Structure formats: C-alpha cells, structure tokens
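Here's the structure we're looking at; comments come further down.
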There are 2 protein chains.
Amino acid sequence: MDKEALFQQFVAFTTSVHEVTFELTKDVKPEDITPLQYSILEYIAVSQPVTLSQISECKHISMPNTSRELRKLTEKQLCEKFEVPDDRRKQLIRLSESGQAMMNKAFDQIGARFFERIQDLSTEELKGIHHAITILQSKVFDENK
Amino acid sequence: MDKEALFQQFVAFTTSVHEVTFELTKDVKPEDITPLQYSILEYIAVSQPVTLSQISECKHISMPNTSRELRKLTEKQLCEKFEVPDDRRKQLIRLSESGQAMMNKAFDQIGARFFERIQDLSTEELKGIHHAITILQSKVFDENK
DNA sequence: TCTTTTGGTTATCAAATGATAAGTAATGGG
DNA sequence: CCCATTACTTATCATTTGATAACCAAAAGA
C-alpha cells in the first residue's frame, strides 16, 4: 500500500471538501452577520446548550474575543445566555427563537443544495456514500486520533 | 434511503474534515506569513504555474487584493512572476526556490501527522480508505456538481 | 481604426479578527 | 479562611482582510 499516494489523494480530497462546503454555504449567511459570527452560530445550533469556554475551545477563538462576539450576537437577539444553577460562573448559550429560525433557514438552503447535488444518484450509490463516510469518519477523521 | 439522515451525516463529516485539516496544518505556517498568504502559497504549490486571475477565482479573492498579497509574497521572495510570451498582459506565478523549500517543509510536517494518524491501520483498512475517498470524490465532491 | 474586454495595478478606506492586559466574581482545595 | 484557579468581561490596539474607485496596457472584435 503506497502511503504517499494515499496522502496525495487525501490532500486533494480535503481541498474538494473545503471547496464544496464553500459552495454549499455561500450566501446563506444573513445580512449583517460576519463569517466568524455565523460559524459560532452554526456551532451553537449543533451543540446547544454550550458554554463560552466550549465555543472558545472548539472554534479556536480566545475567550475575550469569544465574549465580544457573543455579546454582539445576543445584542442582535440571535442567542441567549442562561445562568447555570450549580456553578454561577458559567453561562449556557442557546439560540433564541429568531436565531433558531435563522439557522433553520440556512440549513434548509444548504440541504436543498446538497440534495440537488446527489439527486441523480441511485439508492445503491447513496448507500455506498453512507458507507464511505462512515469508514472515513471512524478511521481517519475521528476526533481522538 | 433516508436522505435527511445522509445530510446530517454529511454535515457532521464535513465538520470533522475541517477540524482534522486544522489540526494537521496548524503551526506549519512559517512566521511572518498570514493565513491568507499561506493558503495562496498552498494553491500555487499544487497548481503552478498559475495566473493572478486563477488565484483570484479559485481562492475567491478580488483581483486588487490578490495583486496586493502576491506583491507581498514576491517581496518576501517566496514566489516569482514570469511574463507569458503569447499574451503580454498575463503573468505566470511560480514558487521561488525558497518558497518551494518552505512549502515542501510544510507538506512534510502535514504528511508526518497524517501518517501518524493512520499508522495503526492495516493494509486492508488503508485500501478501504482509498476506496471510500475515491467514491466520495467522484460522487459527492466532484467540482462539476 | 476605434471600441470593448481582459489582466493586472495602485491607492485608499472600512470592517473583521487577533492579541494582550487587567479586572471581577465564583469555586475549590488545603 | 486563604489562595489558586476557573469562567468570563471590558478595554484597547495592531493586523489582516474585504471592498471600491480609478487607472494602464495589451488584446480582440467590429
């Protein structure tokens, strides 16, 4: 097995993934939201409720900057902070109703483009894709190395 | 075949890919080079020789900004511009020797991390991965939809 | 030839992001 | 109870990036 060739293929593949996700998500970010803020909202949408520290760590943003962006997002009424009873230093973040609506709309658009992209594939092929993703996810892109 | 579930899996997968590529490439960008400049160099490295317009289009950077970043890169002696005989408006960009050396070093580091990541896998598993990437590349992440 | 288009440049400005220092309040461990 | 640590905030500054206008020269088309 030629590992070097596999690496080449891997690099080309990740490039394609970045390019395609760019295509799928472009223009879905609503007006007056910065890319960074959108990516934070995306993370909250998937993982809520989350703490500031979690956002900071997972998105690789320093705590001061995370705090700043989150203030802006709450000012825009897109998410809300809740105190957590057992540790009054922490705060749990959730999308607000309008924030949730916004992200639902965004995901709908992305989904529509995704379905368009796979529309011509047979059930067999879709199964193959599901299987391929499962393999890669578990063997190469798993978080714990 | 539940397309909705496949979409969920797809989203989680692309997130993992972004995360892993971040881990693989972090700290490989040499001092005094901005992220944007690094990504341009990466593109040149893979696709050289390229024109300014190609960089602009593929990396989604406006021509003025592409021109600016490229000027900085040539000032840093990391790439070189060549005139193209049959159309004197165009310029072909290539990595300079030191630019090539820099990118080789970066790719070596990334490769080392990649190999570490797959070191415990059997030949069978590696073949499976190769196959999985081939499937996804052709059916989902192909450029022409 | 005249005009339009293409490929690229320069200059300038605004906005987004990153980095750092300093501070508060709550928690937890001795 | 004291001290260190955690979670988060505020303020400030530098850098990076994005966006726009105005420009030049070569090429291509009528």
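Source: prediction; values computed, not measured. Proteins come first, then strands; the chains are lettered A, B, ... in the order of their sequence lines, and each starts at number 1.
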Can you identify which nucleotide, out of C:dT10, D:dA19, C:dG18, has its nearest atom closest to the B:S62 side chain? D:dA19
Whole angstrom value for the distance that separates P of C:dG7 from CD of B:Q54: 10 Å
Tell me if a side-chain donor or acceptor on B:S96 pairs with a main-chain N or O of B:Q77 at a distance below 3.5 Å. yes
In whole angstrom, give the distance that lies between atom NZ of A:K72 and atom P of C:dA16. 7 Å
When you compare the side chains of B:S16 and A:Q137, does any donor N or O come within less than 3.5 Å of an acceptor on the partner? yes
Contact class for A:S56 vs. all strands (heavy atom < 4.0 Å): base, sugar-phosphate, or nothing? nothing
Selection from D:dT17, D:dC8, D:dT10 that lies nearest to any side-chain heavy atom of A:M63: D:dC8
Of A:P85 and B:L92, whose nearest nucleotide on DNA chain C comes first from the 5' end? B:L92
Tell me whether A:I61 is reachable from A:L92 by hopping between hydrophobic residues (I, L, V, M, F, W, Y) whose side-chain heavy atoms are closer than 4.5 Å. no
Nearest whole Å is fine: how far is D:dT16 C1' from B:K76 NZ? 11 Å
Could you state the CZ-C1' distance from B:R68 to C:dG8, rounded to the nearest angstrom? 15 Å
Mind checking A:P35 for me? I need base, sugar-phosphate or nothing, with any heavy atom below 4.0 Å counting as a touch. sugar-phosphate
Nearest-angstrom distance from the residue atom CG of A:D86 to P of C:dA25: 21 Å
The side chain of B:R88 lies closest to which of these nucleotides: D:dA27, C:dG7, D:dT9? D:dA27
Report the nucleotide, chosen from C:dT9, D:dT9, C:dT6, that has the shortest atom-to-atom distance to any side-chain atom of B:K81. C:dT9
Would you check if there is a donor-acceptor pair between the side chains of A:T134 and B:Q9 at a distance under 3.5 Å? yes
Comparing A:R89 with A:R71, nearest DNA chain D nucleotide closer to 5' gives the residue A:R89
Nucleotide C:dG18, atom C1' - distance to CD1 of A:I61 in whole Å: 10 Å
What is the separation between atom CD on B:Q37 and atom C1' on D:dG18, rounded to the nearest whole Å? 15 Å
Minimum-distance nucleotide to B:S53 side chain [options: C:dG8, C:dT9, D:dT9]: C:dG8
Decide if atom NE2 of B:H60 counts as having more than 12 heavy atoms of other residues, nucleotides or ligands within a radius under 6.0 Å. yes
Which of the following nucleotides, C:dA16, C:dG18, C:dG7, is nearest to the side chain of A:T34? C:dA16
Just to be sure I understand the rule, does B:Q91 reach a base, reach only the sugar-phosphate, or reach nothing, if contact means heavy atoms closer than 4.0 Å? sugar-phosphate
Any chance the side chains of B:N104 and B:Q100 put a donor and an acceptor closer than 3.5 Å? yes
Is a donor-acceptor contact shorter than 3.5 angstrom present between the side chain of A:D87 and the base of D:dA7? no
Contact class for B:T66 vs. all strands (heavy atom < 4.0 Å): base, sugar-phosphate, or nothing? nothing
Rounded off to whole Å, could you give me the CG-to-P distance for the A:N65 and D:dT16 pair? 15 Å
